[in-house]
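These notes concern the structure reproduced below.
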Number of protein chains: 2
Amino acid sequence: MPTIISDAAKRSGVSAKMIRYYESIGLLPQVDRTENNYRTYSESDIHTLRFVRRARDLGYSISNIKHLLSLWRDQHRASADVKRIALDHANSLRHKITEMEAMLQAVEHLAEHCRGDHRPDCPIMDDLAVGLTAPTRGPGIRAHQGTHGRYASQKGLRA
Amino acid sequence: MPTIISDAAKRSGVSAKMIRYYESIGLLPQVDRTENNYRTYSESDIHTLRFVRRARDLGYSISNIKHLLSLWRDQHRASADVKRIALDHANSLRHKITEMEAMLQAVEHLAEHCRGDHRPDCPIMDDLAVGLTAPTRGPGIRAHQGTHGRYASQKGLRA
DNA sequence: GATAGGCTCTACCACCATGGGAAGGTCAAT
DNA sequence: ATTGACCTTCCCATGGTGGTAGAGCCTATC
């Protein structure tokens, strides 16, 4: 009784959908098929699926997992390579966490000062509306914008 | 000199690309056009763009922002509605942060115990390979799977 | 007046991961 | 024979964002 995809999914914790997807993008090798064209999974395949599952649970990106899988299969890997991937990932996690904590802090602070009643006035709204904070993503005032004239007129013919 | 999209982008911190996108999905209203069909932005439009920018910076989803915008425009809003959106968002931020902190903790812990040298053995790999942890996302063992026979044979004719 | 450069417009494609579903095939149990 | 539970491939949607191609428009400069 060969292990077909639903069993592999159950045993690995990776959905059948995702198994096919991972195969299609080359993260997983193409597995054997039965006569009916059903995918079959060996114990080793299941093992690989569990590996991927665990790596996803730890938040590794697909490309990182691709790399980790190749290191896994490499008898002569240097643990330094594995460690570097892990540390890079840890850094990016830390970075994202820091960002989200800043958001959380701001949102919570604002919410604390909102009465939350039937009246309209609300510091949360004020913050959004005023936009006190300096833009961090976009460019501030960029030099030489050359605002001369690049429009026709504003007769405002709106459809 | 009407404010065209690039100026609106500079002044709001929202890229022209995103301004068009937000308009296309109905987050922003359709603005006036010049004779050449160029979008023009009033001070009030810029204000709205800044609102959206700020909300994105705080991590609000597009649908939340849509809601917040409508509350913003509603003179008779209840601050309780605004607060609820903010608190829900704070909760989802907290949830994600918690998840990522768990990942970070696990990855860091493993990395600490990896020598990171030329040798292949590595606790990070061991963790991934063994998959000790119980699956959290997928179903464990689900009842009545009825694994009788749903394959043909495994002669393994591979392509 | 022609041309170059910079801006606009729309309409696509790509990313990352995942889920949903349709349409058709296959198998075992009833 | 029908039912139901699988399988297969293919397409669509999500959320935001970037890129790019092809076309139009405007201004400055030659």
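Each chain gets a letter, A, B and so on, in the order the sequences are listed, and its residues count up from 1.
- Between B:E23 atom CD and C:dT8 atom P there is a gap of 14 Å when expressed in whole angstrom units.
- When the C1' atoms of four end pairs are superposed on the next four at each end of the helix from C:dG1-D:dC30 to C:dT30-D:dA1, using five pairs per end, the two resulting axes differ in direction by 30°, to 10°.
- To the nearest angstrom, C1' of D:dA5 lies 15 Å from CD1 of A:I5.
- If you measure from atom CD of A:E99 to atom P of D:dG16, you get 14 Å, rounded to the nearest angstrom.
- Spacing between atom CD of B:E35 and atom P of C:dT8 amounts to 18 Å, rounded to whole angstrom units.
- Considering only the side chain of A:I62, C:dA17 comes nearest among C:dA17, D:dG18, C:dT10.
- Contact annotation: A:S15 reaches the phosphate of C:dG19 (side-chain N/O to OP1 or OP2, under 4.0 Å).
- The base of C:dG21 sits with one of its N or O atoms less than 3.5 Å from a complementary donor or acceptor on the side chain of A:K17.
- Between A:I25 atom CD1 and C:dA14 atom P the separation is 15 Å, expressed in whole Å.
- A:E43 and A:R11 are joined by a salt bridge, as a carboxylate oxygen and a charged side-chain nitrogen come within less than 4.0 angstrom of each other.
- Take A:A86 and apply the side chain to side chain contact (heavy atoms under 4.5 Å, CB included) test, not counting sequence neighbours, and it matches A:Y60, B:V107, B:A111, B:I124.
- For the 3.5 Å distance criterion, the side chains of B:D45 and B:T48 fail to qualify, holding no donor opposite an acceptor.
- By the criterion of side-chain heavy atoms lying less than 4.5 angstrom apart, applied directly or through intervening Ile, Leu, Val, Met, Phe, Trp or Tyr residues, B:L28 is grouped together with A:M125 in one hydrophobic cluster.
- Residue A:N37 is the one, among A:N37 and B:S63, whose nearest nucleotide of DNA chain D lies closer to the 5' end (criterion: closest heavy atom).
- Side-chain atoms of B:Y38 come within donor-acceptor range of the base of D:dG24, with a qualifying N/O pair under 3.5 Å.
- Looking only at atom types and distance, the side chain of A:D117 has a donor-acceptor partner in the side chain of B:S79 under 3.5 Å away.
- At the heavy-atom level, B:R39 lies under 4.0 Å from the strands shown only through sugar-phosphate atoms.
- Between the NE2 atom of A:H89 and the P atom of C:dC16 there is a distance of 16 Å, rounded to whole Å.
- Under 4.0 Å is where a charged nitrogen must lie from a carboxylate oxygen, and between A:D81 and A:R84 at least one such pair does.
- Side chain of A:I4, nearest nucleotide from D:dC7, D:dG16, C:dT10: D:dC7.
- Scanning both residues, B:I46 and B:Y41, for their nearest heavy atoms gives CD1-CB, 4.0 Å.
- Distance, A:I65 CD1 to C:dT18 C1': 14 Å, rounded to whole Å.
- You'll find that the side chain of A:N36 is closest to C:dT26, out of D:dC25, D:dT9, C:dT26.
- Taking the six-membered ring for Trp and thresholds of 30 and 60 degrees, B:W72 and B:H47 have ring planes more than 60 degrees apart, a perpendicular arrangement.
- Close to C:dT10, at under 4.0 Å from its OP1 or OP2, lies a side-chain N or O of B:R33.
- Side-chain proximity of B:S6 to the nucleotides D:dT9, C:dC9, C:dT8 is greatest for C:dT8.
- Taking atom CZ of B:R20 as the reference point, atom P of D:dG18 lies 12 Å away to the nearest angstrom.
- The side chain of B:R56 lies closest to D:dT17, out of D:dT17, C:dC7, D:dT8.
- Applying the 4.0 Å criterion to OP1 and OP2 of D:dT17, one finds that B:Y22 has a side-chain N or O inside that range.
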